[in-house]
Amino acid sequence: MDKFMKRAVELAIENVDNGGQPFGAVLVKDNTIIAEGVNELHQKHDVSGHAELLAIRRAQDQLQTNSLSGFTMYASGEPCPMCFAAMHFVGIDDVYYCLSVEDAGEVGLGKSKAIYEDLKKERSARSLAIKHMPLGEEDTNPMTLWKDRSTKS
């Protein structure tokens with residue numbers, strides 16, 4: 001097993017020993033570990049406290065950047081849709097995982113698979129109802145406001 005994946009799995013095992021879920025992540029650039037994370041849901045009561053997201057937050061804070069282009073994520077478990085999206089947003093180049101969402105489902109951690117399946121459906125058929133409420137004509141459009149201000153700077 002690759003040394004970075006081995007570390008992600010070690011973190012996952014340590015997290016289970018500490019009462020958490022079996023997820024660890026290691027963020028690497030130029031063959032160096034920049035940040036690590038484990039699921040902290042059991043400690044922080046924060047649904048976004050996933051191993052990958054915490055590693056991303058720590059790297060961004062340490063490096064004071066919004067881009068992690070050139071970085072590689074090693075995760076003990078296949079990233080959930082939330083982590084997958086965050087990795088896209090921040091520009092991570094490669095992601096490696098050890099255990100699949102199917103493996104997680106077999107031990108009672110099956111939400112990721114269900115969400116991935118839900119995302120394949122048309123908006124109207126998804127299990128979480130998301131309803132569009134357009135701006136009124138008299139309302140300020142925050143996206144237009146942002147565009148106008150960002151092109152001036």
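Heavy atoms only: backbone and side chains are in, while hydrogens, waters and symmetry mates are out.
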Q: Please determine whether residues Val28 and Val95 belong to a single hydrophobic cluster, defined as Ile, Leu, Val, Met, Phe, Trp and Tyr linked transitively by side-chain heavy-atom distances below 4.5 Å.
A: no

Q: What distance do Leu54 atom CG and Asp46 atom CG have between them, rounded to the nearest 0.5 Å?
A: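 Atom-to-atom, Leu54:CG and Asp46:CG are 7.5 Å apart.
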
Q: Salt bridge or not for Lys111 and Glu117, using N-O below 4.0 Å?
A: no

Q: Consider only side-chain heavy atoms of I, L, V, M, F, W and Y, link residues closer than 4.5 Å, and tell whether Leu63 and Phe89 are in one cluster.
A: no

Q: Between Asn39 and Ala51, is there a donor-acceptor pair closer than 3.5 Å when you use the side chain of the first and the backbone of the second?
A: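 Yes; at least one donor-acceptor contact below 3.5 Å.
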
Q: Quiz question: by atom type and distance under 3.5 Å, do the side chains of Asp30 and Thr32 form a donor-acceptor pair?
A: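 On atom types as modelled, these side chains do not qualify, holding no pair under 3.5 Å.
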
Q: Can you find a side-chain donor-acceptor pair between Glu102 and Ser100 that sits under 3.5 Å?
A: yes

Q: Would you check if the side chain of Arg7 reaches a backbone N or O of Val26 as a donor-acceptor pair within less than 3.5 Å?
A: no

Q: At what distance, to the nearest 0.5 angstrom, does CD of Gln62 lie from CD of Gln64?
A: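 Taking CD in Gln62 and CD in Gln64, the distance rounds to 10.0 Å.
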
Q: Would you name the heavy atoms of Glu52 and Pro79 that are closest together and state the gap between them?
A: OE2-CA, 3.6 Å

Q: Find the distance between CE (Met73) and OH (Tyr97) and round it off to the nearest 0.5 Å.
A: 15.0 Å

Q: Answer with yes or no whether the hydrophobic clustering places Met87 together with Ile34; edges join I, L, V, M, F, W, Y residues whose side-chain heavy atoms lie under 4.5 Å apart.
A: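 Hydrophobic grouping puts Met87 with Ile34.
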
Q: Looking only at heavy atoms, what is the nearest atom pair of Leu119 and Pro81, with distance?
A: CD1-CB, 3.9 Å

Q: Between Ser112 and Glu78, does the side chain to side chain contact (heavy atoms under 4.5 Å, CB included) criterion hold? Intermediate values first, please.
A: CA-CA 9 Å; Ser112 291; Glu78 184 175 0; over 6 Å; no

Q: Before you tell me yes or no, could you show the steps for Leu68 and Leu27 under side chain to side chain contact (heavy atoms under 4.5 Å, CB included), namely the whole-Å CA-CA distance, both residues' side-chain angles and the distance that decides it to 0.1 Å?
A: CA-CA 10 Å; Leu68 296 178; Leu27 193 54; 3.7 Å; yes

Q: Could you walk me through whether Val38 and Glu14 satisfy the side chain to side chain contact (heavy atoms under 4.5 Å, CB included) test, starting with their C-alpha distance in whole Å, then the side-chain angles of each, then the deciding distance to 0.1 Å, before giving a yes or no?
A: CA-CA 9 Å; Val38 297; Glu14 288 172 16; over 6 Å; no

Q: Are any of the side-chain nitrogens in Asp61 or Arg58 under 4.0 Å away from the carboxylate oxygens of its partner?
A: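 Salt bridge: no.
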
Q: Is a side-chain N or O of Asp93 found less than 3.5 angstrom from the main chain of Gly70, in a donor-acceptor match?
A: yes

Q: Which distance, rounded to the nearest 0.5 Å, do you find between the CG of Asn15 and the CD of Glu10?
A: 13.5 Å

Q: Does some side-chain heavy atom of Leu109 sit less than 4.5 Å from a side-chain heavy atom of Asp103?
A: no

Q: Begin with the C-alpha distance, continue with both residues' side-chain angles, and end with the deciding distance and a verdict on side chain to side chain contact (heavy atoms under 4.5 Å, CB included) for Glu36 and Leu11.
A: CA-CA 8 Å; Glu36 299 178 337; Leu11 289 167; 3.8 Å; yes

Q: Tell me whether Asp118 contacts the main-chain N or O of Ser127 through its side chain, where contact means a donor paired with an acceptor under 3.5 Å.
A: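 Yes.
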
Q: For residues Gly24 and Ala12, report the shortest heavy-atom separation together with the two atoms involved.
A: N-CB, 3.7 Å

Q: Heavy-atom count around Tyr116 OH within 6.0 Å, excluding the residue itself: above 12?
A: yes

Q: Between Cys83 and Leu53, which heavy-atom pair has the shortest distance, and what is it?
A: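 Where Cys83 meets Leu53 most closely, the heavy atoms are SG-CG, 3.8 Å.
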
Q: Are there more than 12 heavy atoms of other residues, nucleotides or ligands under 6.0 Å from atom CZ of Arg126?
A: yes

Q: Which residues pass the ring pair (Phe, Tyr, Trp, His ring centres under 6.0 Å) test with Tyr74, sequence neighbours left out?
A: Phe4, Tyr96

Q: Side chains of residues 137-147: which donor-acceptor partners sit under 3.5 Å, not counting sequence neighbours?
A:
| unit_1 | atom_1 | unit_2 | atom_2 | d |
| --- | --- | --- | --- | --- |
| Asp139 | OD2 | Gly136 | N | 2.7 |
| Asn141 | OD1 | Met143 | N | 2.8 |
| Asn141 | OD1 | Thr144 | N | 3.2 |

Q: Write down the atom of Gln60, the atom of Val90, and the distance for their closest heavy-atom approach.
A: NE2-CG2, 3.7 Å

Q: Which pair of non-hydrogen atoms, one from Gln21 and one from Leu41, has the smallest distance, and what is that distance?
A: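 Heavy atoms of Gln21 and Leu41 come nearest at OE1-CD1, 3.4 Å.
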
